[in-house]
Trainee: 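Let me begin by handing over the structure; questions about it come next.
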Amino acid sequence: MSESRVNPYFIKMFLKDKEQPFSSILATRLSRRGFVKGLGIAAGAGLTVGCATLTSKEQAAFKFKEVPHGLDEFVTLPPGYDYQVVMRWGDPLFSEAAAFEPLAQTGEKQLKQFGFNNDYIGFLPLSNEQRQSTHGLLVVNHEHTKAKLMHPGATNDCDLTLEQTKVDIAAHGVSVLEVRKDAETWQVVKNSRFNRRITPETPMRMTGPAAGSKRLISKSSENGVDSRGTCANCAGGITPWGTVLTAEENVDQFFTGDIEQLAEKRNYQRMIFSGEPEKSWSRHFERWDLNKNPNEGNHMGWIVEIDPFDPNSVPKKRTALGRFKHEACNLFINRDGRVVAYMGDDEKFEYVYRFVSKRRFRNQSDSESATFNANLLEEGTLSAAKFDDAGRLTWLPLVFGEDGLGPENDFHSQADVVIEARRAADIVGATPMDRPEDIEVNPVSHKVYVMLTKNKSRKTDQLDGANPRALNRGGQIVELTAPGGDHTADIFEWDMLLLCGDPNTCVTNYHSETTPNGWLSCPDNCTFDNQGNLWAATDGAEDFGVADGLWAIQTEGEKRGYARRFLRVPIGAELCGPYFTPDNKTLFCAVQHPGGDGSFDKPDTRWPDFDVTLPPRPAVIAIYKKDGGVIGS
């Protein structure tokens, strides 16, 4: 994401702690639970702080040999581990689909092939209990494209021909594919009835409070309910009822138009729509020109629910969860049965959100319960998070008619609130964060972990406890604790798990045993193993001169805050979508935009094929331990 994009509302804010020096904010926040004991912390100091014991629970020690920092053309894993490429951009999803021909790609071919820049991965078991980790559906997001890596001679995404634009559009969205592991090899079942491409043209349906709003009536939606397609799909989540949630993030880049002339001007500007061309879509299809189709932009920026087990199902845009630049959406079933969704808005100075369903999950396997559960995300309460420096988080409801969200601020229904969720969060006083990305619940402790990737625009007079560093290049990981395990409570506690970055140039708080190869920067996606260890993927480590990749991090016990590097991706790539099979013996990962700073004609790497006739290709890989054991053990 461009570092130039900033929440414009935040620039006008006067933070109550603006006069508090950085060293005071950081020391107060870290010392609250024993992170810092009598140490003076100076702004800009390179400091590593050991973490004290926080709970009695001990997590199993990592047994893999740490991968050293580096930057090269390859995927690098610890000794005793290997990986297999499962799917690459252009690989056919169907038996009748055309093979990948980089010099002869067409939109029609791409519609039956794996899309570009794979991000989120979800694995849903298909077979009986004995094979639940070796047979299932992979659901993979395709976040964005890079024309210079896809087409010979291309230099930008704005000047593509009509046919190239059709390829570009078809390469976005989602792929659903059946996979099966035979011996040590994962195979795509190309004749599977489940295999499916979902693109920016796939029919969809709006649900929840914004469905039918006049602000959603466009040339592609005469009723404000029917909708078309999904794009900018970043991370996501899997529901307890077996559907997948895909998050629409940087949707502004697909639309052009003179924003100043539009009735939705304020709304689009708050979503950082510039109207300037970043893609070629509006050159060839007026749907993406806001001056010709002014409300179409309101159809993007939602959480989309997909039923991967029914290839004929219509995906649903769940408007009750709000419209913003969603990074992910991960669910937790509260002890009272209500469904809780955690979401991040991945832009500088944006917010952390929570949704609590009105109705309660039914833990039965009958068809009536399945139908009931499938609609749990249609109605509930959306809130934004306010962090204080004493370690308390308050969830601020975004409800029409409450706390300034009424006609006095030009909100006239809950539809207006969810369409302009960012502005609603501005008004109620949520805390602007350092790019909230993935947010997931630890399956063992039930604590919530927020990946904050970085914010180089934060200044010294804009610091607060959860965002304590100016010119933040390294990002941080914040831990949220629900009182008594009640994730619907109004007040949580929060703590700082990690201040990331190179400890030689950043203030950090890794465990004292973290090695010089164990520091990480710019946490982005994450997952958990069965022990409750956090596995964090990064996007931005090359700013520190090292490759992005995956780190295992302990969250409890004597080694809380201990990080160990597990994987390096090729030059120019980021690591996305880590996801374990239930037995933790396969770890699926997405390698996005390998050789991203190069081009089709002059690639920085030719991973994963290393074939002089092929460009670098984003791919999903399956990582395994050569002895067949549990990963990380």
Side-chain angles (χ1 to χ4, degrees), residues 72-77 82-94 97-107 109-121 138-154 157 160 164 166-177 179 185-188 190 195 197 199 233-234 537 539 542 547-549 567-578 588-623:
D72 56 35
E73 295 186 64
F74 310 102
V75 167
T76 303
L77 292 165
D82 206 345
Y83 74 93
Q84 171 211 341
V85 175
V86 180
M87 286 293 281
R88 302 156 294 185
W89 166 51
D91 282 347
L93 268 67
F94 310 93
F100 178 62
E101 296 179 276
L103 300 180
Q105 277 291 89
T106 67
K109 290 179 181 179
Q110 182 66 75
L111 286 171
K112 295 183 178 181
Q113 297 170 338
F114 195 65
F116 202 77
N117 272 344
N118 32 232
D119 196 294
Y120 171 77
I121 302 170
L138 279 186
V139 181
V140 184
N141 285 352
H142 302 291
E143 182 182 9
H144 61 95
T145 54
K146 287 196 172 189
K148 66 178 184 176
L149 294 175
M150 299 173 69
H151 306 288
D157 292 271
L160 300 184
Q164 288 174 332
K166 290 179 180 179
V167 172
D168 200 69
I169 293 172
H172 284 76
V174 179
S175 290
V176 180
L177 50 146
V179 293
T185 303
W186 286 90
Q187 302 289 341
V188 175
K190 291 184 182 178
N195 291 3
R197 281 301 319 281
T199 75
N233 304 87
C234 200
D539 176 19
E542 286 194 28
D548 279 304
L567 180 155
R568 284 202 324 256
V569 292
I571 186 171
E574 66 173 290
L575 193 283
C576 305
F588 293 106
C589 291
V591 178
Q592 193 179 99
H593 52 72
D597 294 327
S599 67
F600 187 102
D601 304 298
K602 294 183 179 180
D604 291 338
T605 178
R606 291 191 184 273
W607 187 91
D609 302 290
F610 293 103
D611 182 331
V612 295
T613 67
L614 295 174
R617 292 200 273 172
V620 170
I621 61 175
I623 298 167

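Worth saying up front: this structure is predicted, and the values here are computed from it rather than measured. Values below: every heavy atom of this structure, side chains too, minus hydrogens, waters and symmetry copies.
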Trainee: I need the minimum non-hydrogen distance between P102 and P615, along with the two atoms involved.
Mentor: CB-CD, 4.0 Å
Trainee: If I take atom CG from residue D91 and atom CG from residue L177, how far apart are they, to the nearest 0.5 angstrom?
Mentor: 10.0 Å
Trainee: Does L575 offer a backbone N or O that forms a donor-acceptor pair with the side chain of D548 under 3.5 Å?
Mentor: no
Trainee: Which atoms form the tightest heavy-atom contact between A590 and I121, and what is the distance?
Mentor: N-CD1, 3.5 Å
Trainee: Is there a side-chain contact between V139 and V174 in this structure, where contact means two heavy atoms from C-beta onward sitting under 4.5 Å apart?
Mentor: yes
Trainee: Between N195 (side chain only) and L93 (backbone N and O only), is there a donor and an acceptor less than 3.5 Å apart?
Mentor: yes
Trainee: What is the minimum heavy-atom distance between A170 and L111, and which atoms define it?
Mentor: CB-CD2, 3.7 Å
Trainee: Can you tell me if R617 uses its side chain to pair, donor with acceptor, with the backbone of P608 under 3.5 Å?
Mentor: no
Trainee: Looking at every heavy atom in both A547 and E542, which two are closest together, and how far apart are they?
Mentor: CA-CG, 4.4 Å
Trainee: Mind checking whether C576 and C589 have side chains closer than 4.5 Å, heavy atoms only?
Mentor: no
Trainee: Using the test ring pair (Phe, Tyr, Trp, His ring centres under 6.0 Å), find all partners of H172 that sit at least two apart in sequence or belong to another chain.
Mentor: F254, W281
Trainee: Rounded at 0.5 Å granularity, tell me how far CZ in R197 sits from CD in Q113.
Mentor: 9.0 Å
Trainee: Sequence neighbours left out, what pairs pass salt bridge (charged side-chain N to carboxylate O under 4.0 Å, His left out) with at least one residue falling in residues 140-150?
Mentor: none
Trainee: Taking all non-hydrogen atoms of both residues, which atom of P616 and which atom of P603 are closest, and how far apart?
Mentor: CD-CB, 3.7 Å
Trainee: Check step by step if side-chain contact (heavy atoms from CB on, under 4.5 Å) holds for M150 and Q164.
Mentor: CA-CA 9 Å; M150 299 173 69; Q164 288 174 332; over 6 Å; no
Trainee: Using 0.5 Å steps for rounding, measure from the CD atom of Q110 to the OG1 atom of T145.
Mentor: 9.5 Å
Trainee: Keeping H142 on the side-chain end and G173 on the backbone end, is there a donor-acceptor pair under 3.5 Å?
Mentor: no
Trainee: Pairs in or reaching into residues 590-602: which pass salt bridge (charged side-chain N to carboxylate O under 4.0 Å, His left out), with residues at least two apart or in two chains?
Mentor: none
Trainee: Is there a donor-acceptor pair under 3.5 Å between the side chain of E73 and the backbone N or O of W607?
Mentor: no
Trainee: Please tell me if the side chains of L138 and M87 come closer than 4.5 Å, counting only heavy atoms from C-beta onward.
Mentor: no
Trainee: Tell me every residue that passes side-chain hydrogen bond (donor to acceptor under 3.5 Å, both in side chains) with R568, counting only those two or more places apart in sequence or in another chain.
Mentor: D72, T76
Trainee: Among residues at least two apart in sequence or on other chains, which ones pass salt bridge (Lys or Arg N to Asp or Glu O under 4.0 Å) with D604?
Mentor: none
Trainee: Tell me which one of N118, N117, D119 satisfies side chain to side chain donor-acceptor pair (under 3.5 Å) with Q592.
Mentor: D119
Trainee: Identify which one of Y120, F114, F588 satisfies the side chain to side chain contact (heavy atoms under 4.5 Å, CB included) criterion when paired with V140.
Mentor: F114
Trainee: Suppose we screen for salt bridge (Lys or Arg N to Asp or Glu O under 4.0 Å). Which residues come up paired with K109, at least two apart in sequence or across chains?
Mentor: E101
Trainee: Applying side-chain contact (heavy atoms from CB on, under 4.5 Å) to Q105 and F100, what does each step give before you reach the verdict?
Mentor: CA-CA 7 Å; Q105 277 291 89; F100 178 62; 3.9 Å; yes
Trainee: Quick one: closest heavy-atom pair of W186 and A622, and the distance?
Mentor: CD1-CB, 3.7 Å
Trainee: Taking the side chain as C-beta and beyond, is there a heavy-atom pair between P618 and V591 under 4.5 Å?
Mentor: no
